[in-house]
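First up is the structure itself, then whatever we jot down about it.
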Amino acid sequence: MFNEETERVVQKSSGNEIVSDDFQSLDSRNFGYLRCEVPSPENAPDTPDMKSYLRKAIKELQEQLDNVPSNKSSIFVRLGHFHLLLEEYSQALSAYQCYLNISQNSPEDPCVLYGLGIIYFHMKSFQPISCPSSPRAVQCLHKVLHLAPCFERATDIHLRLGTICKANREYRTALEHFQIVLQAPGPNQVQAQYYIAHVYQLQSLFLAAKHAYEAILEMKYLTTEMKARVLRQLGRITYMV
């Protein structure tokens, strides 16, 4: 969805020329909250084409790289953010890695770490490794919370960390992350509750799973798609209770 800051950026960049400076406020925190699809002329004739704006900004930043002899690290960071918002994970990772190579240090920018965490999560690179210049999802996301405990997307981080733990059969830790997500009102609550129910189901705790799935049907942000998934899961475990 568009937030107020995104709308301001779009309005500012809706003239004949746009400059990448108009997108200074956009970074990895906008991932998943920014509409980048091309609008339909019939359904939304006045909807800004954010994808085109971002691509123009990327082109300008790439041109800046050829003209700026030093201090290129900030340009690579922004390239990483913009590619990430377009879900161009390989290009985003390449830009972030160029930033890391220039800085020659473990990243301390929470937004860069969050972007890297999202990329590695997408690539299902869940296992941590020791090399600080190539952190994996768990390392990156945990470090974001360490550096910025009140990070704007903390619930998204806990949802991803819980998902990783669930995939690695670390069920107790997974549940801890999902319970944190449940404490923050928003659409993530539904997904967290679904994962909690699934964790119970994976452990053959079918009665607990049944109650957890049933609780989703009463949640505020329940979508039609999620309701269908829940009813399907309830159908599978009913005879096991």
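In this chain, residues are counted from 1 in sequence order.
Rounded to the nearest 0.5 Å, atoms CD1 (I58) and CD1 (I75) are 13.5 Å apart. For the atom pair R160 CZ and R153 CZ, the distance stands at 11.0 Å (nearest 0.5 Å). Separation of atoms CE (M226) and CZ (R229) is listed at 4.0 Å; rounding is to 0.5 Å. The structure places SG of C111 at 4.5 Å from CZ of F151, a figure rounded to the nearest 0.5 Å. Separation of atoms CG (N67) and CD (E63) is listed at 7.5 Å; rounding is to 0.5 Å. Note that CZ of F31 and NE2 of H122 are 8.0 Å apart. Values are rounded to the nearest 0.5 Å.
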Task: Worked check of side chain to side chain contact (heavy atoms under 4.5 Å, CB included) between K72 and I102 - done: CA-CA 8 Å; K72 295 184 179 182; I102 291 175; 4.1 Å; yes

- [ ] Before giving the answer on side chain to side chain contact (heavy atoms under 4.5 Å, CB included), spell out for H81 and R29 the whole-Å C-alpha distance, their side-chain angles and the decisive distance to 0.1 Å.
- [x] CA-CA 9 Å; H81 291 330; R29 292 171 295 180; over 6 Å; no

- [ ] Please report the C-alpha distance between Y200 and L207 in whole Å, then the side-chain angles of each, then the deciding distance to 0.1 Å, and finally whether the side chain to side chain contact (heavy atoms under 4.5 Å, CB included) criterion is met.
- [x] CA-CA 9 Å; Y200 290 145; L207 183 59; over 6 Å; no

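You'll find the side chain of L234 reaches within 4.5 Å of the side chain of E214, heavy atoms only. Side chains of D27 and V77 form no contact here, defined as non-hydrogen atoms less than 4.5 Å apart. Between L141 and I118, every side-chain heavy-atom pair lies at or beyond the 4.5 Å cut-off. Using a 4.5 Å cut-off on side-chain heavy atoms (C-beta onward), L161 and L145 make contact. Inter-residue side-chain proximity for L54 and L26 is flagged as met; some heavy-atom pair is nearer than 4.5 Å. Put simply, the side chain of Y89 reaches to within 4.5 Å of the side chain of E87, judged on heavy atoms. Residues D109 and Y114 form no side-chain contact, since every pair of their non-hydrogen atoms from C-beta on lies 4.5 Å or further apart. Contact check for L217 versus L231: side-chain heavy atoms found under the 4.5 Å cut-off.
H146 is linked by a side-chain contact (heavy atoms from CB on, under 4.5 Å) to nothing, counting only residues two or more places apart in sequence or in another chain. Taking L202 as the reference, K166, Y171, H198 meet the side-chain contact (heavy atoms from CB on, under 4.5 Å) condition, with sequence neighbours excluded.
Between E88 and R55 there is a salt bridge, since at least one side-chain N of the basic residue sits less than 4.0 Å from a carboxylate O of the acidic one. No salt bridge links E60 with K56; every basic N to acidic carboxylate O contact stays at or beyond 4.0 Å.
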Would you be so kind as to tabulate the donor-acceptor pairs closer than 3.5 Å made by side chains of residues 178-194, with sequence neighbours excluded?
from	atom 1	to	atom 2	distance (Å)
Q189	OE1	G186	N	3.4
Q189	NE2	L182	O	2.8
Q191	NE2	Y195	OH	3.3
Q193	NE2	A212	O	3.1

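Between the Q139 side chain and the R136 main chain, a donor and an acceptor come within less than 3.5 Å of each other. Side-chain atoms of N168 never come within 3.5 Å of backbone atoms of E170 as a donor-acceptor pair (strictly under, hydrogens ignored). A distance-only check finds no donor-acceptor pair linking the side chain of S28 to the backbone of V112 [under 3.5 Å]. For the pair N101 (side chain) and Q97 (backbone), a donor-acceptor distance under 3.5 Å is present.
Across all their heavy atoms, P110 and V144 have their closest contact at O-CG2, 3.5 Å. For the residue pair A137 and G117, the shortest heavy atom distance occurs at CB-O, 3.9 Å. The two residues A209 and Q201 have their closest heavy-atom pair at CB-N, 3.7 Å.
Ring-centre distance between Y96 and F76: not below the 6.0 Å cut-off.
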